[in-house]
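What you are looking at is a predicted structure, and each value in this text was computed from that prediction instead of being measured.
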Amino acid sequence: QVQLVESGGGLVQPGGSLRLSCVASGFTFEYYHIGWFRQAPGKEREGVSCISSSDSVTYYADSVKGRFTGSRDNAKNTVYLQMNNLKPEDTAVYYCAAEPKYSTSCYFGHYSGVAYWGEGTLVTVSS
């Protein structure tokens, strides 16, 4: 069956770093864009990053540009999100999601085209 499994979340102090991973199975990974979304308590889910199926287009939310870097390894069916200089406002549950390559909502930080979701991993930035 389809699975997206995130890992790498945890508690980190402001200014620290974390690397999230998302391992996919059950579908043809290279045919899908992979996005990272996050949802903080009491807030709507928002797009953080998206990497196209061809690894040629990458979206970042303005709030994370210059601090977060997404990458994918199609040989390992894995997507990564390197998060540096973390801030308390980055605290949220982070989800990875797969969107078919014929859709483009991921490019704009939207999730209307997402076909599959992971369960999420909690990132807490606090001193």
Working note: L20 + V123, criterion side-chain contact (heavy atoms from CB on, under 4.5 Å); need CA distance, chi angles, decisive distance, verdict. CA-CA 9 Å; L20 304 184; V123 172; 4.1 Å; yes
d(C22 SG, E6 CD) to nearest 0.5 Å is 5.5 Å
- request: Would you check if T124 and V12 make a side-chain contact, meaning some heavy-atom pair closer than 4.5 Å?
  value: no
Apply side-chain contact (heavy atoms from CB on, under 4.5 Å) to R72 and N77, showing your working. CA-CA 8 Å; R72 66 188 291 162; N77 281 13; over 6 Å; no
OG (S17) and CG (N85) are apart, to the nearest 0.5 Å, by 8.0 Å
Q.
When you compare the side chain of L4 with that of V23, does any pair of heavy atoms fall below 4.5 Å?
A. no
Smallest heavy-atom separation, P100 atom then A115 atom, equals CD-CB, 4.1 Å
Exercise. Examine V64 and Y95 and state if one hydrophobic cluster contains both, with Ile, Leu, Val, Met, Phe, Trp and Tyr joined whenever side-chain heavy atoms are less than 4.5 Å apart.
Key: no
Check your understanding: Looking at side-chain heavy atoms only, is the closest gap between Y107 and S52 below 4.5 Å?
Key -> yes
Output for pair (W36 CH2, C50 SG), nearest 0.5 Å, gives 12.5 Å
- Report whether I51 and F68 are members of the same hydrophobic cluster (ILVMFWY, side-chain heavy atoms less than 4.5 Å apart, transitive linking). yes
Verify same cluster id: I34, V5 (apolar side-chain graph, 4.5 Å): no
What one should report as the nearest heavy-atom pair of L81 and S49 is CD1-CB, 4.0 Å
With a 4.5 Å heavy-atom cut-off, do F29 and V79 have their side chains touching?
yes
Could you tell me whether K65 and D62 make a salt bridge, using a distance below 4.0 angstrom between a side-chain N and a carboxylate O?
yes
Rounding to 0.5 Å, atoms OG (S127) and CD (Q13) come to a distance of 7.0 Å
With a 3.5 Å cut-off and no angle check, do the side chains of E99 and S105 form a donor-acceptor pair?
yes
Stepwise ring-ring contact (aromatic ring centres under 6.0 Å, His included) test for F37 and W117: CA-CA 10 Å; F37 297 83; W117 288 96; 5.2 Å; yes
| query | Counting only N and O atoms by type, is there a donor-acceptor contact under 3.5 Å from the side chain of H33 to the main-chain atoms of S53? | reply | yes
Shared hydrophobic cluster, Y60 / M83 (ILVMFWY, side-chain heavy atoms < 4.5 Å) = yes
When rounded to the nearest 0.5 Å, the distance separating CZ of R19 from OG1 of T69 is 11.0 Å
(message) Quick one, S126 with L11, criterion side-chain contact (heavy atoms from CB on, under 4.5 Å). Give me CA distance, side-chain angles, the key distance, then yes/no.
(response) CA-CA 7 Å; S126 175; L11 174 64; 4.2 Å; yes
Check: R38 and E46 side chains under 4.5 Å, non-hydrogen atoms = yes
Worksheet item: Do T78 and D73 meet the criterion of a side-chain donor-acceptor pair at a distance under 3.5 Å?
Response: no
**OP:** Apply side-chain contact (heavy atoms from CB on, under 4.5 Å) to D90 and R67, showing your working.
**Re:** CA-CA 11 Å; D90 294 318; R67 301 189 296 122; 2.7 Å; yes
So P14 and P88, do their side chains get closer than 4.5 Å, heavy atoms only? yes
- Task: Tell me, yes or no, whether the heavy-atom count around E119 atom CD, taken from other residues, nucleotides or ligands under 6.0 Å, exceeds 12.
- Result: no
Worksheet item: Going by the angle between their ring planes, with limits at 30° and 60°, are Y32 and F27 parallel, tilted or perpendicular?
Response: perpendicular
